[in-house]
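Here is the naming used below: chain letters follow the sequence lines, and residue numbers restart at 1 for every chain.
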Amino acid sequence: MNREEFLEVYRHSLSHILAKAVIEIFGSENVQYAIGPQIADGFYYDFVLPRAIGPDDFKTIENKMREILKRKEEWKREEVTREEALKIFEGQKFKTELIEELPEGELITIYRTGDDFTDLCRGPHVDNSAELLGTAFEIRSASGAYWRGDEHRDSLQRVYCYAFPDKKQLKEHKDLIREAMERDHKKLGPQLEMFMFDPTAPGMAYWLPRGWKSYNALLDFWRGIHEVHGYNEISGPVLSKKELWVTSGHWGHYMDGMFIIPGETIDDDNTMALKPMNCPNAIKVYMNKPRSYKDLPLRINQVDVIHRKEKSGELNGLFRVQEFRQDDAHILVAEEQIADEIKDIMDIATQIYGTFGLTYAAELSTRPDNYMGDIEVWNKAEEDLKEILLDVYGEGGFEVNEGDGAFYGPKIDLKMKDALGREWQMGTIQLDFQLPLNFDMKYTAQDGTLKRPVMIHRAIFGSIERFIGILIENFKGAFPFWLSPVQVGVVPIREEHNAYAKEVMDLLRVNRVRAETDYSDKNMKVKIKTFKNYKDPYILVLGDKEAQERTVSINLRGSNKQIQNVPLDTFIEMCVKMNREYSLDMIESAENL
RNA sequence: GCUGGAAUAGCGCAGUCGGUAGCGCAACUGAUUCGUAAUCAGUAGGUCGAGGGUUCGAGUCCCUUUUCCAGCUCCA
C-alpha cells in the first residue's frame with residue numbers, strides 16, 4: 001500500500017469513526033448524517049444536528065472517537081440490494097437520496113463498524129478499528145455547508161478533522177498552517193502599512209503610502225514589458241450608461257455583479273453602472289476609427305479601477321474585493337493570428353512570473369454545450385491553443401477541462417504555486433467570438449472585404465490587488481528589492497550626522513531609490529528597529545566615519561549582517577542595478593557588482 | 001445569501017456573579033547624544049462598532065444592524 005492509498009483508507013475509515021462518535025453523543029434519532037470524504041489534510045463529515053456545535057464540543061467528540069477505537073471493533077463489508085439498503089437507512093434522508101440515485105444494477109456496499117453503526121460506502125476500509133489506534137487526528141473546525149453544495153438545499157454542519165499517520169506528521173502540518181497564518185496578508189499588509197480597509201467601503205482597499213509605492217513599482221515593471229511587446233495603454237470611463245452594458249451582454253448576464261446608479265427608475269435610459277470589466281472600453285477605442293488588417297493585432301492594455309458587487313460573506317482581504325484593478329489587455333486579431341498572439345502572451349507570462357520566482361501551470365478549457373458562434377472557428381481555435389500548450393509544456397504538461405470554457409470562447413487559465421506550495425488561479429487568456437459580434441466590429445481585409453476580428457481578453461496578474469496579497473504571503477512581507485515599499489532606511493547616529501544623511505537621501509532619490517530616514521533625536525537602535533519592522537531591505541547606519549569617508553555601513557534585512565565601508569557611489573550602483581534588473585535576490589556584498 | 005464566531009485607546013490584549021473601564025507597545029513632553037532589533041521619567045488618550053430593550057444600575061443579559069474572521073456557494 002503506498003502512502004496515498006494508506007491515507008485514503010485511514011482517513012476515510014476515521015470519518016466513519018467521527019460519524020459514529022457524533023451519533024453516540026447526540027443519539028441516532030437526532031442525527032442525519034450525509035457524507036464524509038477525505039480531503040488534502042484529513043477528512044470531513046456533514047451532519048444535521050439538533051444544535052450548533054463549537055470548539056467546546058471538539059474535545060468531547062475526539063475523546064469519544066478514541067474511546068470507540070479502543071473497542072477494537074471489527075469492520076464488516078456487506079453487499080446489499082437496493083431494497084435492503086433503503087431499509088437499513090430508513091429515516092436517513094441523505095443516505096436514502098444517495099441510494100435512490102445509484103444506477104440500476106450497481107453494486108451497493110455497506111460497512112458495519114461494530115454492531116451499532118452502518119454507513120453506505122464503496123470502501124475500502126480497515127478490517128478492525130485497532131488499526132487506527134496509532135493515527136493522529138484532531139478536529140479542526142466546524143462550519144456550515146450545503147447538501148451537495150447547493151445553497152437552495154439543506155444546510156448542514158460540516159466537521160473538519162486533520163488526520164495523519166502519526167503525531168509527527170500532524171504536528172508538521174499544523175506548523176505549516178501556523179506559518180501560513182503568520183504570512184496572512186490581512187495581518188502583514190496593515191502591519192507593514194501597505195493598505196487598510198474601512199467599514200464605510202467594504203471590500204475596497206485604501207492603499208497607504210508604502211503599499212502604493214509597491215503597487216506602482218509593480219505597474220512600472222508590467223508597463224515596461226508590455227511596451228516591448230507592442231501594447232498601447234488606454235484608460236476609459238468607470239461609469240457608463242446602461243446602453244453599453246445591454247449591448248455587451250453584461251446587463252443580461254452580469255447585472256447582479258454591478259453597482260448600478262439608477263436614473264428615475266432602473267429601466268430609465270439614464271441609468272448608469274460602474275464597469276465590472278474593461279472590455280467595452282477597448283472595443284470603443286477600436287471602433288473609434290475604421291480599422292484595416294494593417295492595424296492587427298491591435299494590443300490595448302488597461303489598468304482602470306473596476307467594481308464588482310459581491311454577496312456579503314464573500315469578501316476576503318485583498319483576495320476578494322469589490323473594487324480592484326486588473327492588468328487587463330484586449331487584443332483584436334484576425335483569426336489566423338490567434339496562434340502567434342497567444343504564444344506571445346505566454347512569453348509575457350513566463351517572463352513576469354519568473355521575475356517573482358513563481359512557477360505556473362496552464363489549464364485549457366474547451367467548448368461548453370451552450371456555446372455561441374461558428375463551430376469551425378471554435379475547432380480551429382481549440383486546436384491552436386492545444387498546439388501552443390503542447391509546444392510549451394509538452395504532452396501531459398497541462399490539464400484540459402473539457403466543456404469548461406466560456407460560452408463566447410475557449411480559454412487558458414494560468415495557475416501558480418507560492419512558497420508554501422499553495423495554488424492560486426491568476427492569469428487567464430480567453431478567446432472571444434461574441435463581443436466583436438455584439439458590437440459589430442469590423443476591419444477591412446487585404447482583399448477589400450469587411451471581416452470581423454477575434455478578441456482576446458487576457459490578464460497575467462489577474463487582479464493586481466489579489467496578486468499583491470499573494471506576493472505578501474509568498475515573500476512574508478520581505479519583497480525583492482525592486483518591489484519593496486521603501487528600499488533603504490537611513491539612520492543617522494546622532495543629530496550631527498543629519499547633514500550627511502540628507503546628502504545620502506538626496507542622492508538615493510535622484511537615482512529613483514525609495515528611501516526614508518529619521519532625523520529625530522531618537523536612539524539609533526530604535527531607528528534601526530523601526531525600519532527592520534518595516535522590512536526595509538537595506539538600513540544604512542551613518543556616523544562620523546561614514547560622513548568623513550563618504551561611505552555607508554549597511555545592515556541587511558533578515559539578519560544582523562553588516563557590510564562596512566561601502567563607498568556611497570558603490571551602494572547607489574547596487575540599488576540601481578537591482579532596480580534595473582528586477583533582481584529576485586539582494587546583493588549582499590559590494591564585490592558582487 | 002447560508003452556518004458558526006468576533007468587535008473594548010492607534011496596535012496587541014485583560015475586564016470575575018450586572019455595581020466608578022485597565023495593561024503593554026505606540027503617541028506626546030522632558031532628560032539622555034548614543035556604532036547596529038526596544039535609554040529613563042512623566043503626560044494624555046475610551047459614549048466599550050451602531051441602534052433599541054431588560055434593570056435602581058449594562059462593556060457584561062436580550063433583540064436589530066454594520067463590519068470583520070473561519071467555512072459553504074461564487075470568483076479575479
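Using a 4.0 Å heavy-atom cutoff across all strands shown, A:Gln430 reaches no nucleic acid atom at all. The residue A:Gly203 sits close only to the backbone: its heavy atoms come under 4.0 Å of sugar-phosphate atoms, none of a base. No contact: A:Gly469 has no heavy atom under 4.0 Å from any strand. Residue A:Glu546 is classed as a base contact, given a heavy-atom separation below 4.0 Å to a base. Within the 4.0 angstrom heavy-atom criterion, base atoms lie near A:Val321. Across all strands shown, A:Leu315 has heavy atoms under 4.0 Å from sugar-phosphate atoms exclusively, and none from any base. Within the nucleic acid shown, A:Lys545 comes within 4.0 Å of at least one base atom, counting heavy atoms only.
The ring of A:Phe137 has its center no closer than 6.0 angstrom to the ring center of A:Phe43.
The stretch residues 253-260 of chain A has no heavy atom under 4.0 angstrom from RNA chain B at all. RNA chain B is contacted by A:Ile528, A:Lys529, A:Lys532, A:Asn533, A:Val541 of residues 528-542 of chain A, taking any non-hydrogen atom closer than 4.0 Å.
A donor-acceptor contact under 3.5 Å is formed by the side chain of A:Arg320 with the base of B:rC74. Taking only distance into account, the side chain of A:Arg148 never meets the base of B:rC72 through a donor-acceptor pair shorter than 3.5 Å. Residue side chain A:Glu310 reaches the base of B:rA76 through a donor-acceptor N/O pair under 3.5 Å, judged by distance alone.
The stretch residues 274-283 of chain A participates, sequence neighbours left out, in these salt bridge (Lys or Arg N to Asp or Glu O under 4.0 Å) pairs: A:Lys275-A:Asp304.
With no hydrogens or angles considered, a side-chain donor-acceptor pair links A:His229 and A:Asp344 at under 3.5 Å. Between the side chains of A:Gln564 and A:Ser553, at least one donor N or O sits under 3.5 Å from an acceptor N or O. For A:Glu473 and A:His185, the side-chain atoms include at least one donor-acceptor pair closer than 3.5 Å.
OP1 or OP2 of B:rA37 sits under 4.0 Å from a side-chain N or O of A:Asn560. In this model, the phosphate group of B:rC34 is approached by a side-chain N or O of A:Arg494 to a distance below 4.0 Å at OP1 or OP2.
For A:Lys502, the NZ atom sits in a loose shell: 12 or fewer heavy atoms of surrounding residues, nucleotides or ligands are nearer than 6.0 Å.
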Going 5' to 3' through nucleotides 2-13 of chain B and flagging B where a protein heavy-atom sits under 4.0 Å of the base, S where only the sugar-phosphate is that close, and - otherwise, we get BBS---------
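Heavy-atom distances to RNA chain B give each of A:Ser553 and A:Arg308 a nearest nucleotide, and the one nearer the 5′ end belongs to A:Ser553. Nearest-nucleotide positions on RNA chain B place A:Lys311 closer to the 5' end than the other of A:Asn316 and A:Lys311.
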- [ ] Please lay out, stage by stage, how A:Lys561 and A:Glu588 fare under the test side-chain contact (heavy atoms from CB on, under 4.5 Å).
- [x] CA-CA 9 Å; A:Lys561 235 192 291 178; A:Glu588 297 209 354; 2.7 Å; yes
Problem set entry | side-chain contact (heavy atoms from CB on, under 4.5 Å) between A:Tyr538 and A:Asn555, worked out | CA-CA 6 Å; A:Tyr538 294 121; A:Asn555 185 316; over 6 Å; no
Under the rule of Watson-Crick or G-U wobble with both distances under 3.5 Å, where | means paired to another strand and [ ] a crossing pair, RNA chain B maps to (((((((..((((.....[..)))).(((((.......))))).....(((((..]....))))))))))))....
Any protein N or O atoms within reach of nucleotides 25-32 of chain B? Criterion: under 3.5 Å, listing atom names and distances.
from   : atom 1 : to       : atom 2 : distance (Å)
B:rU32 : O4     : A:Asp521 : OD2    : 2.9

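In this pair, A:Phe324 lays its aromatic ring flat on the base of B:rA76, centres within 5.5 Å and planes under 30 degrees apart.
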